[in-house]
Number of protein chains: 2
Amino acid sequence: MEHRIERIKKQLHSQSYKLTPQREATLRVLLEREEDHLSAEDVYLLVKEKAPEIGLATVYRTLELLSELKIVDKINFGDGVSRYDLRKEGAKHFHHHLVCTQCGSVEEIENDLLEDVEKIVQKDWGFEVKDHRLTFHGICKNCQEVPVKVKETNEI
Amino acid sequence: MEHRIERIKKQLHSQSYKLTPQREATLRVLLEREEDHLSAEDVYLLVKEKAPEIGLATVYRTLELLSELKIVDKINFGDGVSRYDLRKEGAKHFHHHLVCTQCGSVEEIENDLLEDVEKIVQKDWGFEVKDHRLTFHGICKNCQEVPVKVKETNEI
DNA sequence: GTTTTATATTATAATTATTATAAATATAAA
DNA sequence: TTTATATTTATAATAATTATAATATAAAAC
């Protein structure tokens with residue numbers, strides 16, 4: 001983790017941004033909860049545990065900054081809040097998601113399944129693809145076996 | 001258009017919803033502007049032209065209802081507002097979008113480019129795909145030719 | 001065609017998420 | 001150190017969406 005923070009620090013500096021304690025605390029939360037899809041509010045509450053003096057607006061600004069630098073990706077699963085997802089190191093593209101409409105769980109897919117599709121889009125539509133967002137909605141493996149059981153958390 | 005409204009009317013009735021004048025006016029706006037990606041506010045303003053007494057909350061409720069019935073799809077391109085897009089008649093899946101990061105234009109792709117990918121997801125992840133959201137971000141054909149020229153509307 | 005009744009609408013008010021502002025503080029460079 | 005710049009805090013403002021309670025209405029039953 002330290003290694004990764006160090007790298008991000010350099011990336012910030014190279015664009016003349018500072019790695020303030022607040023930004024570092026935010027990053028640490030994102031790294032620790034890499035599997036989750038936290039909203040700004042979620043991040044705020046978690047950061048507050050280690051740095052109680054932080055303000056919500058700072059978290060928003062930090063997430064916005066990290067988003068511009070492509071360190072995190074901002075996603076929206078349609079529930080009215082933006083969620084922030086760390087991009088894997090060196091990943092050119094955003095990873096995909098499987099959202100279960102029954103239990104609300106979100107699974108990540110690292111593999112880039114869209115290479116062929118992007119080529120088609122590029123060729124047939126003349127559109128120069130820079131990134132993508134792909135989400136599947138459906139029933140997860142678990143819910144197929146055990147029907148109807150709803151998850152009670154908002155930390156998707 | 002009448003034909004299509006008639007069909008939706010039946011669909012509503014079959015689930016014991018009424019086709020009120022407000023709902024019909026909203027539907028007509030959506031049908032007339034099928035190519036666009038209107039926000040609730042956009043729809044509201046357009047509906048107001050033909051039915052000035054309508055309230056914003058009603059538009060929201062109507063869009064929500066149509067969304068549940070899979071007549072429209074609710075999408076979010078990351079600009080903080082939900083947009084509503086008519087589903088093509090008989091389409092099982094949502095169509096795809098090409099969002100230009102330069103001029104903000106949104107192009108639609110009708111073709112289902114994900115059949116193969118869905119098979120993989122189904123097989124390798126055991127996830128039963130019901131629907132998908134696919135958006136490509138990049139530079140549209142137009143902007144590749146004429147660099148830097150920003151569109152001034154919010155009606156993507 | 002009326003009447004009836006559940007459903008829908010209106011006109012707010014209330015929430016929720018996010019962004020802007022101004023004063024105070026911290027940081028890095030000179 | 002000093003200085004200039006970037007950042008944060010605390011709060012207010014904005015924007016999008018949802019809830020509420022009184023009223024009205026579509027469509028089924030008579």
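Because the structure is predicted, anything quoted here is derived from the model rather than measured. Protein chains get the first letters and strands the later ones, always in sequence-line order, with residue 1 at the start of each.
With A/Phe94 as the aromatic partner, A/Arg133 meets the cation-pi criteria of under 6.0 angstrom to the ring centre and within 45 degrees of the ring axis.
C/dA30: Watson-Crick or G-U partner is D/dT1, with both key distances under 3.5 Å. D/dT14 is paired with C/dA17 under the Watson-Crick or G-U wobble criterion, all donor-acceptor distances under 3.5 Å.
With distances taken from any side-chain atom of B/Ala57 to the nucleotides D/dT8, C/dT18, D/dA19, the minimum falls on D/dA19. If you check C/dT18, C/dT10, D/dT25 against the side chain of B/Thr58, the one that comes closest is C/dT10. The listed nucleotides are D/dA27, C/dT27, C/dT10; the one nearest the side chain of B/Lys9 is D/dA27.
Between A/Arg61 and D/dA6 there is no side-chain N or O to OP1 or OP2 distance below 4.0 Å. In this structure, B/Thr20 reaches the C/dT9 phosphate: one of its side-chain N or O atoms is under 4.0 Å from OP1 or OP2. Listed pair B/Tyr60 / D/dT18 fails the phosphate criterion, with no side-chain N or O lying under 4.0 Å from OP1 or OP2.
Between the CG atom of A/Leu45 and the P atom of C/dT16 there is a distance of 14 Å, rounded to whole Å. Rounded to an integer number of Å, the gap from CG of A/Leu12 to P of C/dA28 is 12 Å. Here the C1' atom of nucleotide C/dA26 and the OH atom of A/Tyr17 are 18 Å apart, to the nearest Å. As a whole-Å value, the separation of B/Tyr44 OH from C/dT10 C1' is 11 Å. Distance A/Glu41 CD to C/dT19 P: 14 Å, rounded to the nearest Å. Rounded to whole Å, atom C1' of D/dA19 lies 14 Å from atom CD of B/Glu64. A straight line from CD of B/Gln22 to P of D/dA26 spans 8 Å, rounded to a whole angstrom. Atom CZ of A/Arg23 and atom C1' of C/dA26 are 12 Å apart (whole Å).
Nearest-nucleotide mapping onto DNA chain D: of B/Leu56 and B/Lys18, the residue sitting toward the 5' end is B/Leu56. When each of B/His13 and A/Ser16 is assigned the nucleotide of DNA chain D with its nearest heavy atom, A/Ser16 is the one assigned upstream, toward the 5' end.
Salt bridge annotation for B/Lys119-B/Glu115: absent, with no cationic side-chain nitrogen under 4.0 angstrom from a carboxylate oxygen.
Nucleic acid contact class of A/Ser82 (heavy atoms, under 4.0 Å, all strands): sugar-phosphate only.
Close placement of the B/His132 and B/His93 rings is indicated, their centers lying within 6.0 Å of each other.
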So B/His37 and B/Tyr84, ring pair (Phe, Tyr, Trp, His ring centres under 6.0 Å) or not? Walk me through it.
CA-CA 6 Å; B/His37 302 83; B/Tyr84 298 86; over 10 Å; no
